[in-house]
There are 2 protein chains.
Amino acid sequence: MTAGAIQPAVRATLEDVARAAGVSLATVDRVVNRREGVRAKTIARVEAAVAKLGYRADVAAARLARGQTFRFAFVLPTGSNSFMTNLTEQVQRTADWLTGQRGFIDLLHVDVFDPDVLAGALEDLSPAYHGVAVVALDHPRVRDAIDQLAARGVAVVTLVSDAPSSRRLHYVGIDNPAAGRTAATLTGRFLAGGEGKVAVIAGSLSLRDHTERQFGFHQILSSEYPNLTALPVIEGRDDSERTRELTAALLKRHADLRGIYCCGAGNRGIAEALEASGRARDVVWITHELTQHTRRFLVRGTLDAIINQDPGHEARSAARVLLAHCMEEPISPDQERIRIDIFLRDNLP
Amino acid sequence: MTAGAIQPAVRATLEDVARAAGVSLATVDRVVNRREGVRAKTIARVEAAVAKLGYRADVAAARLARGQTFRFAFVLPTGSNSFMTNLTEQVQRTADWLTGQRGFIDLLHVDVFDPDVLAGALEDLSPAYHGVAVVALDHPRVRDAIDQLAARGVAVVTLVSDAPSSRRLHYVGIDNPAAGRTAATLTGRFLAGGEGKVAVIAGSLSLRDHTERQFGFHQILSSEYPNLTALPVIEGRDDSERTRELTAALLKRHADLRGIYCCGAGNRGIAEALEASGRARDVVWITHELTQHTRRFLVRGTLDAIINQDPGHEARSAARVLLAHCMEEPISPDQERIRIDIFLRDNLP
DNA sequence: CAGAATTTGTGTTGCGTACCTCAAAAATTG
DNA sequence: CAATTTTTGAGGTACGCAACACAAATTCTG
């Protein structure tokens with residue numbers, strides 16, 4: 001328990017290992033870097049010394065000596081919804097950090113909603129990139145472009161939105177069906193046994209993440225909360241004005257509308273319609289992504305809960321995964337798993 | 001939008017800056033490391049060159065050259081509740097990571113519930129430590145021990161449990177009143193308008209985090225959910241068996257018990273009592289910390305929600321804060337803020 | 001056992017920065 | 001303008017490792 005004698009804060013170096021194993025520095029180097037031409041017996045001796053001294057390569061020195069640098073491209077959507085603006089900002093902060101780690105990020109903005117444009121951008125990418133992070137689209141052309149990059153030896157991670165059957169290295173984002181299920185459970189429980197209708201508003205049903213969310217939502221709603229009836233999914237195209245009109249119509253048509261789940265953007269429209277109707281307090285509204293707007297609606301009580309994915313975590317995780325892959329280092333999956341955050345008024349960060 | 005001509009992946013070095021500024025390497029070194037004896041005019045020239053070239057020190061090279069190493073002590077509770085076991089494990093993983101960053105962590109276990117023992121341990125700490133992370137206790141002797149460390153120039157961060165009026169550098173942990181409010185909102189909303197009693201079980205009211213949580217809980221419950229009556233707080237001493245007995249008695253005495261909020265440990269006891277009573281589905285039970293046990297209770301439906309703080313984030317954040325302080329680097333507050341996680345069955349990681 | 005092949009040792013260089021010394025240049029002062 | 005102080009330059013060493021060349025020692029082969 002007590003402090004007692006603490007070990008000196010000095011790490012074993014390659015030289016120490018060489019001395020302990022009774023071999024030369026070059027041999028240790030051959031062993032730790034897995035080069036050819038060392039007898040099995042010697043390898044064992046060196047590895048024993050490594051284990052005994054607890055040798056760990058000094059990453060700073062190693063990187064310096066290697067002099068490698070890595071270039072990554074981050075391909076994000078053009079357009080300006082708050083979440084993507086936020087993500088862009090976080091990617092920039094991550095780029096700053098990476099600069100200190102001998103990594104470089106180029107930020108490209110393309111219209112990711114158009115498969116051809118997105119695929120084209122990926123195909124045009126300079127072969128100088130060691131890795132690419134892309135907000136993907138689950139579409140044959142995009143998958144193909146990703147596979148081509150992978151075939152060229154470029155590490156690809158999908159960000160926020162996945163292309164599951166492609167040869168991407170990793171997906172950095174939340175489990176969207178689970179997010180939908182979470183929204184359904186919150187809706188169902190907040191309405192605790194009451195009856196009525198629940199509306200689901202998506203940006204577009206051609207976006208995989210939106211469909212996955214609404215799938216998860218319906219799954220739980222129908223199995224666990226039979227007293228609630230889901231209305232047919234409405235497509236708001238992530239546009240506030242259009243979403244406002246649709247929501248207003250919905251409220252007018254269904255006097256027994258008890259809940260709204262929005263699995264895309266366009267939240268400002270929903271808030272306006274809800275507040276104008278005077279039913280903001282009676283309708284349970286749950287949406288995705290913490291932004292300056294959704295935060296305000298939540299604090300005000302119009303919005304009941306936010307399902308969130310943290311763009312900062314996502315940007316950093318994508319960079320870490322790419323970097324680790326390039327340096328042939330392992331990644332720890334549960335540190336890279338993106339959480340589905342739930343925010344109520346009380347636990348807003 | 002297109003890839004076009006990308007910059008070479010080479011960073012500007014100190015030499016580049018020297019050349020661009022038309023001064024020698026030594027002068028650049030004096031400027032960037034804020035040493036004495038450089039004219040204001042020259043400083044400006046160098047800084048202009050730094051800005052123009054976007055020079056950022058190579059952290060790897062800098063660390064290597066400095067050759068500094070840092071020693072930190074992490075003082076955690078003895079005893080074996082799941083959360084603390086988990087935290088210990090995460091501190092060990094953080095220690096692994098830190099080793100690569102020239103930092104060393106010694107793990108000390110003491111009985112943090114005894115202020116004298118904890119204060120004694122802090123006082124006995126070797127002066128060789130550059131920083132200390134401690135699961136603190138808000139008690140005069142402990143505060144004093146922390147202040148003494150701070151006076152000696154040792155950076156102290158409190159971990160999970162704070163000692164607010166001490167001279168600690170930083171608190172790494174959640175906002176406990178907010179966590180209590182979150183629990184109250186969940187309880188209130190899950191019971192949506194129903195009437196009845198709600199029990200609050202704490203480990204001990206002498207633990208600041210527990211009292212803060214129950215304070216937040218009561219605050220929201222009384223103001224927002226007047227239909228729910230909070231019973232007097234019960235102290236389970238974080239002991240499963242004792243908590244089981246208390247819960248069983250509670251369930252027996254109050255037929256209209258609708259909710260249980262446990263702001264400490266001892267959850268296995270609550271689960272047993274609830275399941276034995278056959279009222280697991282009717283009573284909304286909310287507790288803290290995701291562990292193997294609480295996860296099981298949540299999946300099974302006995303438990304309704306978990307308020308969580310991520311021990312991995314906490315351990316890494318504490319290490320980052322200590323390291324940044326030692327290297328006189330700034331920290332970014334919102335990256336170090338520990339989130340209050342809400343886990344339902346659907347969004348379990 | 002000679003010759004070839006394999007394994008190991010010695011030695012060097014360079015990565016980008018920190019930190020140091022000493023001398024040279026420039027600015028300031030009397 | 002000389003003497004003094006301040007500022008700048010030149011140069012070196014060290015950090016721990018990677019990467020390489022080449023020589024020496026060891027083992028294997030015919």
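Note that the structure is predicted; figures quoted are calculated from it, not measured. For the numbers below, each heavy atom of this structure counts, side chains included, while hydrogens, waters and symmetry mates do not. Residue numbers start from 1 in every chain, and the chains themselves are labelled A, B, ... in the order their sequence lines are given, proteins ahead of strands.
As a whole-Å value, the separation of A/Gln68 CD from D/dA19 C1' is 12 Å. Rounded to whole Å, the distance from CG on A/Leu64 to C1' on C/dC15 is 4 Å.
Side-chain atoms of B/Ala26 lie closest to D/dA10 of the nucleotides D/dA18, D/dA10, D/dA14. If you check D/dA19, D/dC17, C/dT17 against the side chain of A/Leu14, the one that comes closest is D/dC17.
To the nearest 0.5 Å, atoms OG1 (B/Thr13) and OH (B/Tyr55) are separated by 7.5 Å. Rounded to the nearest 0.5 angstrom, A/Thr78 OG1 and A/Asp111 CG are separated by 4.5 Å.
Here the side chains of B/Leu323 and B/Phe70 are in contact, with some heavy-atom distance below 4.5 Å.
Ion pairing between B/Arg35 and B/Asp29 holds under the 4.0 Å rule for side-chain N and carboxylate O. A salt bridge links B/Asp162 to B/Arg168: at least one charged side-chain nitrogen sits closer than 4.0 Å to a carboxylate oxygen.
Residues meeting the ring pair (Phe, Tyr, Trp, His ring centres under 6.0 Å) test with B/His325, sequence neighbours left out: none. Residues passing the ring pair (Phe, Tyr, Trp, His ring centres under 6.0 Å) test with A/His170, sequence neighbours excluded: none.
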Using the rule given for side-chain contact (heavy atoms from CB on, under 4.5 Å), can you reason through A/Val132 versus A/Phe72, listing the C-alpha separation, both sets of side-chain angles and the distance that settles it, and then say yes or no?
CA-CA 5 Å; A/Val132 175; A/Phe72 304 131; over 6 Å; no
Decide salt bridge (charged side-chain N to carboxylate O under 4.0 Å, His left out) for A/Asp310 and B/Arg339; before the verdict, give the C-alpha distance in whole Å, the side-chain angles of both, and the deciding distance to 0.1 Å.
CA-CA 11 Å; A/Asp310 190 299; B/Arg339 294 272 172 88; 2.6 Å; yes
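Of the residues in residues 15-25 of chain B, not one places a heavy atom less than 4.0 Å from an atom of DNA chain C. DNA chain C is contacted by B/Asp29, B/Asn33, B/Arg35, B/Arg39 of residues 27-46 of chain B, taking any non-hydrogen atom closer than 4.0 Å. Looking at residues 50-62 of chain B, you'll see B/Tyr55, B/Ala57, B/Asp58, B/Ala61, B/Ala62 sit with a heavy atom under 4.0 Å from some atom of DNA chain C.
Among pairs with a residue in residues 142-156 of chain A, those fulfilling salt bridge (Lys or Arg N to Asp or Glu O under 4.0 Å) read A/Asp138-A/Arg143, at least two apart in sequence or across chains.
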